[in-house]
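To start, the structure under review is shown below, and the notes come after it.
All residue numbers refer to positions in the sequence shown, counting from 1.
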Amino acid sequence: MLAQIAKLPLLVILMGISVLAMLLPAGFAWSVGEYYEGRVFLYGALLFGFITFFLAIAMANRQRSTRHRRHLLALLGLFVILPLMLAVPFHQALRTTSFLNAYVEMVSALTTTGATLFDDPGRLPDTLHLWRALVGWLGGLFIWVGAIAILAPMALGGFEVRARYGARGQSARLTGGRFGAGMSQITRVADFSDRIRTYGIRLLPVYTGLTLALWIGLILAGDTAFVALCHAMSTMATSGISPVGGLSGASSGYGGEVMIAVFLIFAISRLTFATDMQTGELRNLTADPEIRLATVIVLVLPLFLFLRHWVGAYEVEEEMNLLAGLASLWGTFFTTLSFLTTLGFESPAWAVSRDWSGLQTPGLILMGLALVGGGVATTAGGAKLMRVYALYLHGLREMEKLVHPSSVGGAGTEARHMRGRGAYMAWVFFMLMTLSVALVMALFALTGQDFEGAMILTIASLTTTGPIAQVAAVDPISYGALGNTAKMILAGAMILGRLETLAIIALLSPDIWRR
């Protein structure tokens with residue numbers, strides 16, 4: 001039975017998973033007395049369950065294509081087509097919004113962007129808040145599995161930086177080194193469907209267990225079970241979805257923020273939950289370049305902002321309160337880590353730092369953090385820390401050559417590759433991302449947005465950091481106030497940001513269609 005299911009197209013399998021997921025909000029709605037919403041999700045599960053069953057029967061004996069494009073198309077269909085199904089129960093349960101709004105909301109959740117069109121959390125019943133958080137959680141799981149099972153052997157999604165032959169699907173005959181052993185194993189597996197099944201089985205218990213651990217921790221910190229569950233799923237998926245408008249509406253306080261900060265390490269490096277399928281021992285996390293770079297950012301930037309606010313407090317002769325200073329430092333640290341991992345939760349102490357000094361923190365800093373992003377093959381969006389690290393190594397080497405033109409770079413084969421081919425691939429990605437930003441900004445401008453609004457909406461969508469629209473701008477930007485054309489552009493930009501431009505270009509490459 002399981003073997004037959006595994007042979008089905010990936011999109012059909014994902015539809016089946018979504019049908020089973022509808023049963024959770026249905027049961028929750030009945031338990032809290034929201035009977036209409038419960039019936040909507042139950043009937044939705046029955047309807048789409050029959051549709052998925054008939055599709056499975058129709059495609060059961062079809063010859064499976066082993067071409068790489070089939071799986072890239074499945075990933076594209078995941079974010080374009082699947083939200084159409086997910087939006088039906090949301091639209092029918094709410095009854096006071098258009099289907100386009102429901103579709104954009106589901107695209108936002110599934111891409112782990114967390115940009116909500118409903119500014120007032122009280123407008124949505126708890127069942128729909130749970131559905132949004134659950135869809136975001138599933139989107140994070142699909143990214144975990146899809147990145148390792150599909151993008152890694154094709155040298156996409158950040159893996160092209162360490163692949164020897166670039167992003168052409170020949171990723172990877174790396175020689176030597178602990179990373180190389182894992183990637184060599186990846187290329188020996190020809191059937192992507194087997195990879196998806198294998199890595200899905202391996203990663204699902206890890207992903208679920210971490211979510212349950214954080215859920216229990218937030219409950220012990222003071223949150224209700226419902227709010228704790230939504231925030232736990234949002235943290236693991238870095239979606240930033242909250243039923244109470246963020247951490248300011250939660251009851252867990254600083255204890256909950258500390259727990260969330262600890263679990264955000266899984267959005268910084270994939271080595272925290274996967275070992276690149278290596279057979280040896282787990283790599284020392286302190287030697288991982290992504291963790292080291294993220295550590296520098298989340299320590300140096302908060303210290304800089306803290307000193308800036310301290311000077312501001314000194315100039316306006318505010319009372320030098322030690323507790324206010326510590327709260328300001330923690331709020332800056334947590335918010336920096338949150339936006340670096342594209343979660344988008346703002347610490348309530350973040351406002352304390354502004355009130356303490358009388359200075360506003362530039363939203364450009366938060367947008368810069370979101371652009372850097374988290375780790376490769378994690379739920380975080382952005383440009384990825386590995387690409388930034390490759391450009392950093394290349395910059396160091398170029399400065400060394402300015403001082404010593406005849407010097408020879410050392411540190412091994414892997415480091416030389418990162419400074420050369422790896423930095424080249426990272427630079428290509430940044431150029432493509434720059435063009436994407438310019439194009440999406442121009443499209444938003446055509447819908448009537450000013451420069452600041454178009455830039456913030458573009459960064460929020462391409463980096464999958466939806467909450468940044470409420471934090472970075474002087475006046476918070478409402479997604480619900482956008483026109484229908486702007487909402488469609490927003491949905492397309494979120495999908496582009498989740499899949500990345502290199503994957504879209506690879507999908508159009510004739511070489512991929514021949515493989």
Side-chain angles (χ1 to χ4, degrees), residues 11 14 69 72-88 90-91 97-118 132 135-136 139 142-143 146 151 156-157 239-241 342 344 367 370-371 373 379-383 429 431-451 453-469 477-509:
L11 192 57
L14 295 178
R69 63 177 172 85
L72 276 181
L73 284 172
L75 282 180
L76 182 61
L78 164 65
F79 298 114
V80 176
I81 300 176
L82 194 62
L84 292 172
M85 185 181 85
L86 302 175
V88 171
F90 185 93
H91 175 254
T97 190
S98 65
F99 186 79
L100 175 61
N101 288 348
Y103 175 76
V104 174
E105 191 77 15
M106 290 298 99
V107 170
S108 174
L110 195 61
T111 57
T112 71
T113 303
T116 179
L117 277 64
F118 307 95
R132 293 173 57 237
V135 171
F142 296 155
I143 289 299
L151 299 181
L156 297 171
S239 63
I241 296 173
T342 68
M367 289 192 289
L371 281 172
T379 57
F429 172 83
M431 291 299 99
L432 292 174
M433 189 171 187
T434 302
L435 293 176
S436 301
V437 169
L439 175 61
V440 176
M441 281 188 64
L443 293 176
F444 276 123
L446 290 176
T447 64
Q449 295 292 322
D450 58 13
F451 179 83
M455 180 176 64
I456 292 176
L457 289 173
T458 299
I459 300 301
S461 55
L462 290 180
T463 63
T464 66
T465 316
I468 204 171
I477 298 176
S478 173
Y479 291 106
L482 299 176
N484 290 340
T485 303
K487 290 175 183 176
M488 290 188 287
I489 295 172
L490 180 69
M494 289 188 290
I495 296 171
L496 177 62
R498 184 75 276 180
L499 282 179
E500 295 188 351
T501 313
L502 277 177
I504 301 297
I505 293 178
L507 186 59
L508 301 176
S509 171

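- In terms of heavy-atom proximity, A493 sits nearest to V440 at CB-CG1, 4.0 Å.
- Distance check, rounded to the nearest 0.5 Å: CD1 of I456 to CD1 of I477 gives 4.0 Å.
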One pair to check against side chain to side chain contact (heavy atoms under 4.5 Å, CB included): M433 and E500. What are the steps and the verdict? CA-CA 8 Å; M433 189 171 187; E500 295 188 351; over 6 Å; no
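- The aromatic rings of F90 and F118 sit tilted, their planes meeting at an angle between 30° and 60°.
- Taking CG from L156 and CG from L499, the interatomic distance works out to 10.0 Å, rounded to the nearest 0.5 Å.
- Annotation: the span from L371 atom CG to M367 atom CE amounts to 8.0 Å, rounded to 0.5 Å.
- A heavy-atom distance below 4.5 Å is found between the side chains of L151 and L75.
- Considering all non-hydrogen atoms of both residues, T379 and R498 come closest at O-NH1, 3.0 Å.
- Distance alone, capped at 3.5 Å, places no donor-acceptor pair between the Y103 side chain and the V88 backbone.
- At a threshold of 4.5 Å between non-hydrogen side-chain atoms, the residues M488 and L100 count as touching.
- A side-chain contact (heavy atoms from CB on, under 4.5 Å) with V135 is found for exactly one of I241, T112, T111, L110, namely L110.
- T113 is not listed as a side-chain neighbour of S239, based on a closest heavy-atom distance of 4.5 Å or more.
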Please report the C-alpha distance between M494 and V104 in whole Å, then the side-chain angles of each, then the deciding distance to 0.1 Å, and finally whether the side chain to side chain contact (heavy atoms under 4.5 Å, CB included) criterion is met. CA-CA 9 Å; M494 289 188 290; V104 174; 4.2 Å; yes
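- The two residues S461 and L490 have their closest heavy-atom pair at CB-CD1, 3.8 Å.
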Assess whether side chain to side chain contact (heavy atoms under 4.5 Å, CB included) is satisfied between V107 and F79, documenting all intermediate values. CA-CA 6 Å; V107 170; F79 298 114; 5.9 Å; no
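- Scanning all heavy atoms of the two residues, the minimum distance from A370 to I468 falls at CB-CD1, 4.2 Å.
- The line from CG of L496 to OG of S436 is 5.0 Å long, rounded to the nearest 0.5 Å.
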Could you walk me through whether I495 and V80 pass the side chain to side chain contact (heavy atoms under 4.5 Å, CB included) test, one step at a time? CA-CA 7 Å; I495 296 171; V80 176; 3.7 Å; yes
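- Judged by distance alone, with hydrogens and angles left aside, the side-chain atoms of S98 form a donor-acceptor pair with the main-chain N or O of N101 at under 3.5 Å.
- No side-chain heavy atom of Q449 sits under 4.5 Å from any side-chain heavy atom of M441.
- Residues Y479 and K487 fail the side-chain proximity criterion, which asks for heavy atoms closer than 4.5 Å.
- Between the side chain of S108 and the main chain of G114, a donor-acceptor pair closer than 3.5 Å is present.
- Using a distance-only test at 3.5 Å, with no hydrogens or angles considered, a donor-acceptor pair links the side chain of T342 to the main chain of G381.
- Nearest heavy atom pair, residue P467 against residue G240, reads CG-O, 4.2 Å.
- Minimum heavy-atom separation, L84 to F99: O-CZ, 3.7 Å.
- For the pair T447/I489, a side-chain contact is recorded, criterion being any heavy-atom separation below 4.5 Å from C-beta on.
- Checked by atom type and distance alone, the side chain of E105 pairs as donor or acceptor with a backbone atom of L117 at under 3.5 Å.
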